[in-house]
Engineer: 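Dumping the structure here so I can ask a few things about it.
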Number of protein chains: 2
Amino acid sequence: MLYTLKQFAEMFNATEHTIRYYTDINLLPCQRDKSNHRIFNEESVNWMQGIACLKGCGASIEVIKEYCNLCRLPESRETLYARYQIILRQREQAYKRIEEAKATAAYMDEKVQHYEQILSGLIPDDSNPGTWTEDTRPEKHE
Amino acid sequence: MLYTLKQFAEMFNATEHTIRYYTDINLLPCQRDKSNHRIFNEESVNWMQGIACLKGCGASIEVIKEYCNLCRLPESRETLYARYQIILRQREQAYKRIEEAKATAAYMDEKVQHYEQILSGLIPDDSNPGTWTEDTRPEKHE
DNA sequence: TATTGACTTCGAGTTACTCGAACTTGCTAT
DNA sequence: ATAGCAAGTTCGAGTAACTCGAAGTCAATA
């Protein structure tokens, strides 16, 4: 199964620009057809999944590249272990992200409740974190 | 309770540069002492909490600014409602983030398992998404 | 033959920091 | 008094990871 740039980008909810960028910096392997257009195969899909996931953990392009480079080195216990270490570290980041997102969502739930109470006229808007008093109110900007 | 730039930055695990940046673009209100140094109070803390949370939802500085501007407009049902809308939208993003992070973590768990199996010598490294075959292996790049 | 649509490269712009240089201030130690 | 130090200041340049747009190529269709 082969994919054009457009199809491939769509599969991953990415822009064609971004996919082009990834191929340009050699993150994502791709072949070219006779008119020099990028073509992607199942392998590209696998790769992109891995890249998207590392990205999802918050890994930088540099780190992802490092991982990719390790993958294309001749396989040995050392390179395998190095890859494993990166994956371990990034997994931790992923779990940290879940917790952060949960805390954020909880805070937002509170805010929503608060606004709903104010809007329904139940309480006045005085306890809202994020309201300035006169003397700390910054100047209008832009 | 008053805080120096350094203390304030520490409280939020941010760099002094970032806090300075936020005050410069008028996101975060701050007063100055007689030697022109920034000083932060409890109100700044509240504000920063709000900003950090919106950031945590993935909101752009522009959106956060918009929210801040609404907060400092004379209070009315409309501005209150507009604020509420922003909060609602961002809360959704926060929940989306939880789901994404969960999916990412699950994928990473699989990867970890996979690597542990390979490293313990149980299976060869052939089924790993993220491994190139000879002909799609990209050139070494920096 | 002309237009269409998807592609190409390349260079400039954007966001949200991030860093460093050069300078000022107030405090302590000699 | 003065020298040094840690903290602050402004300002301008640099960075990551895109993001956009211009100008051009190429194959298929009307």
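Order of the sequence lines fixes the chain letters, A, B, ..., with proteins taken first and strands second; residue numbering starts at 1 for each chain.
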Engineer: Quick one: pull up OG1 in A/T4 and NZ in A/K6 and give me the separation to the nearest 0.5 Å.
Structural biologist: 8.0 Å
Engineer: Can any side-chain N or O of A/T79 pair as donor or acceptor with the backbone N or O of A/E75 at less than 3.5 Å?
Structural biologist: no
Engineer: Let me know the distance between CZ of A/R32 and P of D/dC26, rounded to the nearest Å.
Structural biologist: 14 Å
Engineer: Distance check needed: D/dC18 P versus A/I51 CD1, whole Å only.
Structural biologist: 10 Å
Engineer: Can you name the residues that form a side-chain contact (heavy atoms from CB on, under 4.5 Å) with B/E66, not counting sequence neighbours?
Structural biologist: B/I86
Engineer: What is the distance from CG of A/D24 to P of D/dA17, rounded to the nearest Å?
Structural biologist: 15 Å
Engineer: Hey, what's the ring geometry for B/Y115 with A/Y67, parallel, tilted or perpendicular (30° and 60° as the breaks)?
Structural biologist: perpendicular
Engineer: NE2 of B/H37 versus C1' of D/dT10: gap in Å, rounded?
Structural biologist: 12 Å
Engineer: Tell me the interatomic distance from A/E62, atom CD, to D/dC18, atom P, rounded to whole angstroms.
Structural biologist: 12 Å
Engineer: side-chain contact (heavy atoms from CB on, under 4.5 Å) with A/D33: which residues, sequence neighbours excluded?
Structural biologist: A/S35, A/H37, A/I39
Engineer: A side-chain contact here means heavy atoms from C-beta on lying under 4.5 Å apart; do B/L80 and B/R83 qualify?
Structural biologist: yes
Engineer: Rounded to whole Å, how long is the line connecting atom CD1 of A/I25 with atom P of D/dC18?
Structural biologist: 8 Å
Engineer: Residues of residues 6-23 of chain A with any non-hydrogen atom less than 4.0 angstrom from an atom of DNA chain D: list those, numerically ordered, please.
Structural biologist: A/H17, A/T18, A/Y21, A/Y22
Engineer: One pair to check against side chain to side chain contact (heavy atoms under 4.5 Å, CB included): B/N46 and B/Q49. What are the steps and the verdict?
Structural biologist: CA-CA 5 Å; B/N46 285 341; B/Q49 257 158 18; 3.9 Å; yes
Engineer: With a 4.0 angstrom cut-off to heavy atoms of chain B, pull out the first and last contacting nucleotide of DNA chain C, in 5'-to-3' order.
Structural biologist: C/dA16 to C/dG26
Engineer: Contact between B/M108 and A/L88 at the side-chain level, heavy atoms closer than 4.5 Å - yes or no?
Structural biologist: no
Engineer: What pairs of donor and acceptor atoms, side-chain ones from residues 92-101 of chain A against any protein atom, are under 3.5 angstrom apart with sequence neighbours left out?
Structural biologist:
{"residue": "A/Y95", "atom": "OH", "partner": "B/D109", "partner atom": "OD1", "Å": "3.3"}
{"residue": "A/Y95", "atom": "OH", "partner": "B/D109", "partner atom": "OD2", "Å": "2.5"}
{"residue": "A/R97", "atom": "NH1", "partner": "A/G56", "partner atom": "O", "Å": "3.3"}

Engineer: Considering every strand and a 4.0 Å limit on heavy-atom distances, what is the contact class for A/K34: base, sugar-phosphate, or nothing?
Structural biologist: nothing
Engineer: In sequence, state the C-alpha distance, the side-chain angles, and the governing distance for B/R20 and B/H17, and then conclude on side chain to side chain contact (heavy atoms under 4.5 Å, CB included).
Structural biologist: CA-CA 5 Å; B/R20 237 179 260 128; B/H17 270 294; 3.5 Å; yes
Engineer: If you pin A/R38 and B/I61 to their nearest nucleotides in DNA chain C, which one's is more 5'?
Structural biologist: A/R38
Engineer: Just how large is the angle between the end axes of the helix from C/dT1-D/dA30 to C/dT30-D/dA1, five pairs per end, to 10 degrees?
Structural biologist: 10°
Engineer: Could you pull out the closest heavy-atom pair between A/W47 and A/C68, with the gap in Å?
Structural biologist: CZ3-SG, 3.8 Å
